[in-house]
Engineer: 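Quick one: the structure is below, and I'll ask about it shortly.
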Amino acid sequence: MRALRVLSTAILAAACATAPAAPALPSAAAIDAEARRLMAREDVKGMAMAVIDGGQVVHVAAYGHANVAENRALQTDTVMYGASLTKTAFAYMVLQLVDEGRLDLDRSIADYLPRPLPEYENYADLAGDERWRQLTPRIILNHATGFHNFRWLEDDRRLRFHFTPGERYAYSGEGIWVLQLVLEDGLGLDVGAEMQRRVFDRFGMTRTSMQWRADFRPNLADGYAMDGGFEPHDERSRPAAAGSMDTTIADQARLWAGIMRGEGLSAASRAELTRPQLPIRSAHQFPPLWRDTDPRGPEIGLAAGLGLVTFTDPQAGHMWFKGGHNDWTGNTLVCQEARRRCVVLLANSVRAELIYPEVVRFVLGETTTPWWWEYNR
């Protein structure tokens with residue numbers, strides 16, 4: 001297995017070295033004009049964008065409103081909900097622990113927890129099912145636990161395995177919570193503090209946190225549903241690795257540029273983050289237990305990395321992406337590995353997801369980004 005990983009890393013490195021010169025990006029003025037045009041067409045209340053090229057931030061902008069009724073403009077330092085972009089930032093922190101020898105991606109979580117998982121009150125539903133011992137940090141970050149996204153989506157609201165861990169991809173926030181428990185109760189870490197020190201402070205993200213901060217209040221974005229319905233910003237009281245990050249587009253620009261450069265990780269761990277590890281054959285990302293298949297996934301090498309999804313583009317080569325979503329938030333990130341180029345998009349209006357394929361296409365050009373899989377269309 002290790003030999004395969006080394007070979008995969010070498011192949012990716014060779015691909016980066018031989019990739020054709022990247023086409024020039026559109027001008028900042030052109031990007032801004034197109035973003036505003038598309039937002040007006042689909043009535044997107046507020047959206048922010050960062051563009052990274054060569055591992056450096058080249059453009060950061062915000063458009064529309066943080067709060068329409070108050071006529072507050074969305075700004076590049078307005079605090080927005082990071083949603084599931086948190087998962088990839090968490091994976092980056094986990095890989096630092098791997099580099100330090102404190103965690104093994106392929107070791108059972110049973111080796112870290114001081115007591116069996118079902119003995120924890122939140123996981124009593126798993127009593128009598130020993131498959132929990134097959135969970136590893138890699139399987140969890142590959143979204144291959146066998147859990148539903150969240151237990152409350154089950155008819156009886158109870159946690160259960162739908163398949164043997166590691167068998168296939170099925171998006172699960174529940175899995176990420178298990179890994180958070182491993183770090184907190186097994187390694188004795190405070191995940192919120194570790195994320196702050198190892199990730200947010202490292203990249204100078206002064207307006208980002210895993211839980212609510214009172215100083216966010218004067219300049220934060222409220223949310224808007226598909227029908228325009230209003231939802232005030234949720235003040236999350238505790239860190240949740242599956243998605244509690246509050247952040248700004250300026251901070252997200254710093255984060256993903258730093259991750260593109262691999263700062264804070266060994267070269268091997270940085271390569272492991274985005275290495276295609278588990279083929280994805282499902283027709284859609286959600287619902288996460290979808291059993292239909294789609295040939296377009298295998299055609300582009302759609303696969304799980306660690307807390308993100310990878311694919312191959314005929315022109316740009318190895319690419320990866322991650323989304324973040326709730327009923328009032330739509331975020332996405334699409335990156336080209338060899339070019340160290342990314343588009344980062346945050347929105348306090350979920351209607352932004354209607355325009356993201358066009359925004360990304362305008363900035364990066366035509367790619368094989370699987371929007372059909374990400375957005376079920």
Engineer: Taking only residues two or more places apart in sequence, or in another chain, which ones meet S282 in a side-chain contact (heavy atoms from CB on, under 4.5 Å)?
Structural biologist: I280, W373

Engineer: Looking at Y112, I'd like to know if the NZ or CZ of R107 sits under 6.0 Å from its six-membered ring centre while staying within 45 degrees of the ring's axis.
Structural biologist: yes

Engineer: Between D246 and E235 (side chain of the first, backbone of the second, donor and acceptor by atom type, cut-off under 3.5 Å), is there such a pair?
Structural biologist: no

Engineer: To the nearest 0.5 Å, what is the distance between CG (L273) and CG (L306)?
Structural biologist: 6.0 Å

Engineer: Less than 4.0 angstrom from a charged side-chain N to a carboxylate O is my criterion; do E358 and R361 meet it?
Structural biologist: no

Engineer: How close do R339 and Q315 get, heavy atom to heavy atom, and via which atoms?
Structural biologist: NH2-O, 3.6 Å

Engineer: With a 3.5 Å cut-off and no angle check, do the side chains of T329 and N326 form a donor-acceptor pair?
Structural biologist: yes

Engineer: Could you check whether Y120 and D185, counting side-chain N and O atoms only, form a donor-acceptor pair closer than 3.5 Å?
Structural biologist: yes

Engineer: Assess the residue pair R158 and E154 against the criterion (salt bridge (Lys or Arg N to Asp or Glu O under 4.0 Å)); give the C-alpha distance rounded to whole Å, side-chain angles, the decisive distance to 0.1 Å, and a yes or no.
Structural biologist: CA-CA 6 Å; R158 297 185 65 182; E154 302 280 11; over 6 Å; no

Engineer: Got a sec, which residues hit side-chain contact (heavy atoms from CB on, under 4.5 Å) with P116, two or more places apart in sequence or on another chain?
Structural biologist: P118, E119, W132, R133

Engineer: Taking the cut-offs as 6.0 angstrom to the six-membered ring centre and 45 degrees off its axis, would you call R131 and F163 a cation-pi pair?
Structural biologist: no

Engineer: Following the transitive rule for hydrophobic clusters with a side-chain heavy-atom cut-off under 4.5 Å over Ile, Leu, Val, Met, Phe, Trp and Tyr, establish whether L364 and W256 coincide in one cluster.
Structural biologist: no

Engineer: How about R291: does its CZ atom have over 12 heavy atoms from other parts shown lying under 6.0 Å from it?
Structural biologist: no

Engineer: Donor-acceptor check, side chain of E174 to backbone of R151, threshold 3.5 angstrom: yes or no?
Structural biologist: yes

Engineer: Checking side chain to side chain contact (heavy atoms under 4.5 Å, CB included) against V60, which of D251, T76, I52 comes through?
Structural biologist: T76

Engineer: Taking the side chain from S244 and the backbone from M210, do they hold a donor-acceptor pair closer than 3.5 Å?
Structural biologist: yes

Engineer: Identify whether the distance between the nearest side-chain nitrogen and carboxylate oxygen of E337 and R340 falls below 4.0 Å.
Structural biologist: no

Engineer: For this output row, return yes or no: ring centroids of F150 and W177 closer than 6.0 angstrom.
Structural biologist: yes

Engineer: Do you know the tightest heavy-atom contact between R168 and W290?
Structural biologist: NH1-O, 4.0 Å

Engineer: State whether the side chain of R351 and the backbone N or O of E42 hold a donor-acceptor pair below 3.5 Å, judged by distance alone.
Structural biologist: yes

Engineer: Would you say R202's side chain and R198's backbone share a donor-acceptor pair under 3.5 angstrom?
Structural biologist: yes

Engineer: Is it the case that D313 and Q336 place a side-chain donor and acceptor less than 3.5 Å from each other?
Structural biologist: no

Engineer: When clusters are formed by joining ILVMFWY residues with side-chain heavy atoms under 4.5 Å apart, either directly or through shared neighbours, do M93 and I259 land in the same one?
Structural biologist: yes

Engineer: Any side-chain to backbone donor/acceptor pair from Q277 onto E272? Under 3.5 Å, distance only.
Structural biologist: yes

Engineer: For the pair N331 (side chain) and G82 (backbone), establish whether a donor and an acceptor sit closer than 3.5 Å, ignoring hydrogens and angles.
Structural biologist: yes

Engineer: Got P137 and V182 here, is their nearest side-chain heavy-atom distance under 4.5 Å?
Structural biologist: no

Engineer: What's the spacing between L302 CG and D294 CG if we round to 0.5 Å?
Structural biologist: 9.5 Å

Engineer: Go through the steps for V363 and M49 under the test side-chain contact (heavy atoms from CB on, under 4.5 Å), then give the verdict.
Structural biologist: CA-CA 11 Å; V363 178; M49 183 191 313; 4.3 Å; yes

Engineer: Apply side-chain contact (heavy atoms from CB on, under 4.5 Å) to L181 and Y123, showing your working.
Structural biologist: CA-CA 11 Å; L181 176 68; Y123 298 97; 3.9 Å; yes

Engineer: R213 and V79: side-chain contact (heavy atoms from CB on, under 4.5 Å), yes or no, with the steps?
Structural biologist: CA-CA 10 Å; R213 283 177 13 198; V79 171; over 6 Å; no

Engineer: One pair to check against side-chain contact (heavy atoms from CB on, under 4.5 Å): L183 and E194. What are the steps and the verdict?
Structural biologist: CA-CA 10 Å; L183 268 56; E194 294 298 319; over 6 Å; no

Engineer: Which residues pass the side chain to side chain donor-acceptor pair (under 3.5 Å) test with D201, not counting sequence neighbours?
Structural biologist: Q196

Engineer: Look at D215 together with R217 and state whether they make a salt bridge at an N to O cut-off of under 4.0 Å.
Structural biologist: no

Engineer: Minimum heavy-atom separation for S269 and V98, please, with both atom names.
Structural biologist: OG-CG1, 4.5 Å

Engineer: Taking Q211 for its side chain and R236 for its backbone only, find out whether a donor-acceptor pair lies under 3.5 Å.
Structural biologist: no

Engineer: Transitively linked via ILVMFWY side-chain contacts under 4.5 Å: W320 with V343?
Structural biologist: no

Engineer: Between D222 and R72, is a salt bridge (Lys or Arg N to Asp or Glu O under 4.0 Å) present by the stated rule, with each step listed?
Structural biologist: CA-CA 10 Å; D222 296 306; R72 281 196 292 109; 3.6 Å; yes

Engineer: Write down the atom of P370, the atom of I300, and the distance for their closest heavy-atom approach.
Structural biologist: CB-CD1, 4.0 Å

Engineer: Test your reading of the model: is there a side-chain donor-acceptor pair from R207 to the backbone of D77, 3.5 Å cut-off?
Structural biologist: yes

Engineer: Between M195 and L95, is there shared hydrophobic-cluster membership here, with clusters defined by ILVMFWY side-chain heavy atoms closer than 4.5 Å?
Structural biologist: yes

Engineer: Consider ring pair (Phe, Tyr, Trp, His ring centres under 6.0 Å). Of H143, H284, H148, which one does Y171 pass it with?
Structural biologist: H143

Engineer: Take the angle between the ring planes of Y81 and H233 and call it parallel below 30°, perpendicular above 60°, tilted in between.
Structural biologist: perpendicular

Engineer: Within the supplied structure, the quantity of interest is the number of heavy atoms (other residues, nucleotides, ligands) at a distance under 6.0 Å from R115 CZ; does it exceed 12?
Structural biologist: yes

Engineer: Cluster question for you: counting only ILVMFWY and a side-chain heavy-atom cut-off of under 4.5 Å, with indirect links fine, are I31 and L346 together?
Structural biologist: no

Engineer: A170 and P288: which non-hydrogen atoms are nearest, and at how many Å?
Structural biologist: CB-O, 3.1 Å

Engineer: I need the minimum non-hydrogen distance between S84 and A242, along with the two atoms involved.
Structural biologist: OG-O, 3.7 Å

Engineer: Would the distance check show the side chain of Q180 and the main-chain N or O of A241 forming a donor-acceptor pair, the cut-off being under 3.5 Å?
Structural biologist: yes

